[in-house]
Amino acid sequence: MIREYKTIQEVNGPLMVVKKVQGVTYDELGEIELPDGTIRHCKVLEVNGDDAVVQLFEASAGINLRDSKVRFLGHPLQLGVSGEMLGRVFNGMGRPIDGGPDILPEEYRDINGLPMNPAARDYPNEFIQTGVSAIDGLNTLVRGQKLPIFSGSGLPHAALAAQIARQAKVLDGASNFAVVFAAIGITFEESNYFVEEFNRTGAIDRTVLFTNLANDPAVERIATPRMALTAAEYLAFEKDMHVLVIMTDITNYAEALREVSAAKKEVPGRRGYPGYLYTDLATMYERAGRQLGKKGSITMIPILTMPEDDKTHPIPDLTGYITEGQIILSRELHRKGIYPPIDVLPSLSRLKEKGIGQGKTRADHSGVMNQLFAAYSTGKENKELMSILGEAALSPTDLRYAQFADEFEQRYVAQGQDEDRSIIQTMDIGWDLLSILPKAELKRIKPEFIEQYLPKKEG
């Protein structure tokens with residue numbers, strides 16, 4: 001039986017105190033009925049004796065302390081899940097906003113979920129093709145991995161996120177593949193861009209899109225990624241689908257967490273973020289992966305903008321501890337007009353060796369990847385030397401490396417926003433670039449692969 005309380009003591013910004021409550025638990029969902037019959041929503045943040053502190057999802061304006069009623073619903077925030085979610089657009093609270101009918105849920109799930117039991121995890125070892133050479137060839141995404149993209153304000157991470165969501169696929173063909181896209185704290189223009197992009201290319205048919213706008217309440221921003229992960233868990237482990245979860249922007253999520261923490265008057269940690277930021281992020285990130293005995297998988301690409309391009313900022317710093325690598329976008333490459341501006345040298349996919357090779361990509365992948373890394377690194381060093389000492393100070397081989405670095409950025413890293421490269425195309429571009437270097441320099445690739453794949457240059 002749901003009890004109603006008329007014991008609202010105070011409203012302070014997004015928080016409200018309700019006295020003399022019974023049987024109310026942390027994170028429980030509540031409804032506030034205003035004198036005119038309007039319903040607002042809230043959730044329990046803290047229970048102290050028979051006092052409950054609740055956080056409002058909507059504005060507090062118009063709540064009359066004497067005449068408004070509060071009822072607690074006995075369950076936390078839930079999402080109604082079903083296979084019909086594919087192709088639909090929802091707001092941050094899981095309500096459809098695309099003009100279509102309501103979802104007929106097969107079940108309701110608590111959005112807080114649980115991190116995957118380590119003993120039940122299966123090791124990620126299958127390749128996911130994103131169609132982006134700098135990721136597929138050098139920082140390979142593996143099914144079940146968590147691979148964040150570290151960006152800066154003004155860099156084209158939104159375009160890259162949309163491109164990956166459109167192009168991502170698994171190569172065995174028979175697999176069911178879906179994308180769950182969570183846009184957190186973005187502007188209306190950005191939200192519109194994502195919806196239009198997915199509609200334009202037809203990718204919306206296999207996508208579930210959650211959008212939380214910048215003017216939506218902070219507490220909704222905290223719910224949005226969990227809504228997306230709940231939908232992903234259902235599709236992956238009940239419908240046997242391979243799900244790619246893309247979340248942008250995690251920085252907006254962390255800011256909302258800081259705002260709620262400050263409203264609760266908690267002791268702040270680094271840079272004002274709550275001390276439990278690491279734990280909170282881990283409860284989200286660790287819901288991705290593969291489970292023993294289950295056909296489906298959840299692969300996650302969280303995108304975050306580093307404040308002041310600072311990798312040591314708490315959000316990218318803690319994210320790096322929990323995830324398996326990072327893709328870093330470079331402002332320098334962006335200034336050169338290169339899209340996507342992925343800085344391949346500091347980027348890293350810790351599981352890439354598990355998803356490449358014979359039967360997954362191609363037998364020569366590992367050697368080519370290592371050779372490209374080494375050659376690009378040497379080429380950049382030689383270009384710096386050339387700017388200090390002049391071109392005459394470099395040997396012919398050094399000049400070839402400097403040329404390689406320029407060509408690598410222009411032909412391998414750079415590609416069009418609608419250019420979907422297969423892994424074979426990516427490998428072939430790599431071999432074509434390596435043919436700039438003397439054959440004797442290709443020390444990281446097996447001789448039989450050099451014989452088989454290196455383009456034969458006339459003369």
Does [Y] offer a backbone N or O that forms a donor-acceptor pair with the side chain of [X] under 3.5 Å?
X: Asp136; Y: Thr140; answer: no
X: Ser347; Y: Asp343; answer: yes
X: Lys360; Y: Asn125; answer: yes
X: Gln55; Y: Leu15; answer: no
X: Asn252; Y: Gly185; answer: yes
X: Gln145; Y: Val142; answer: yes
X: Gln415; Y: Gly131; answer: yes
X: Ser387; Y: Glu384; answer: yes
X: Glu190; Y: Thr187; answer: yes

Between [Y] and [X], does any NZ, NE, NH1 or NH2 come within less than 4.0 Å of an OD or OE carboxylate oxygen?
X: Arg421; Y: Glu419; value: yes
X: Arg411; Y: Asp432; value: yes
X: Arg258; Y: Glu266; value: no
X: Arg109; Y: Glu107; value: yes
X: Glu324; Y: Lys146; value: yes
X: Arg200; Y: Glu196; value: no
X: Asp102; Y: Arg95; value: no
X: Lys239; Y: Glu106; value: yes
X: Asp406; Y: Lys383; value: yes
X: Arg290; Y: Glu126; value: yes
X: Glu286; Y: Arg121; value: yes
X: Glu28; Y: Lys43; value: no

Please state whether the rings of Phe210 and Phe90 are parallel, tilted or perpendicular, taking 30° and 60° as the class boundaries.
-> parallel
Please work out whether the ring planes of Phe181 and Phe198 are parallel, tilted or perpendicular, with thresholds of 30° and 60°.
-> perpendicular
Side-chain donor/acceptor pairs under 3.5 Å, residues 300-310, sequence neighbours excluded:
from: Thr305; atom 1: OG1; to: Asp249; atom 2: OD2; distance (Å): 2.6
from: Asp309; atom 1: OD1; to: Arg331; atom 2: NH2; distance (Å): 3.0
from: Asp309; atom 1: OD2; to: Arg331; atom 2: NE; distance (Å): 2.6
from: Asp309; atom 1: OD2; to: Arg331; atom 2: NH2; distance (Å): 3.2
from: Asp310; atom 1: OD1; to: Thr312; atom 2: N; distance (Å): 2.9
from: Asp310; atom 1: OD1; to: Thr312; atom 2: OG1; distance (Å): 2.5
from: Asp310; atom 1: OD2; to: Arg271; atom 2: NH2; distance (Å): 3.1
from: Asp310; atom 1: OD2; to: Thr312; atom 2: OG1; distance (Å): 3.2

For Arg221, the salt bridge (charged side-chain N to carboxylate O under 4.0 Å, His left out) test, sequence neighbours excluded, returns none
Are side-chain N/O atoms of [X] and [Y] paired as donor and acceptor at under 3.5 Å?
X: Glu255; Y: Tyr273; value: yes
X: Asp280; Y: Thr283; value: no
X: Asp240; Y: Asn176; value: no
X: Thr426; Y: Tyr412; value: no

In short, salt bridge (charged side-chain N to carboxylate O under 4.0 Å, His left out) pairs touching residues 78-92 with sequence neighbours left out are Arg88-Asp98
Show your working on side-chain contact (heavy atoms from CB on, under 4.5 Å) between Tyr339 and Gln163 and close with a plain yes or no.
-> CA-CA 11 Å; Tyr339 171 88; Gln163 184 172 1; 2.7 Å; yes
Stepwise side-chain contact (heavy atoms from CB on, under 4.5 Å) test for Gln291 and Asp122 | CA-CA 5 Å; Gln291 280 188 17; Asp122 202 358; over 6 Å; no
Could you give me the CA-CA distance, side-chain angles and deciding distance for Arg166 and Asp418, then say whether salt bridge (Lys or Arg N to Asp or Glu O under 4.0 Å) is met?
-> CA-CA 9 Å; Arg166 287 196 311 268; Asp418 285 315; 3.2 Å; yes
Over all heavy atoms of both residues, which pair between Pro346 and Gln326 is shortest? Give the atoms and the distance, please.
-> O-NE2, 3.2 Å
Let me know which of Ile445, Leu138, Leu442, Thr361 forms a side-chain contact (heavy atoms from CB on, under 4.5 Å) with Val368.
-> Ile445
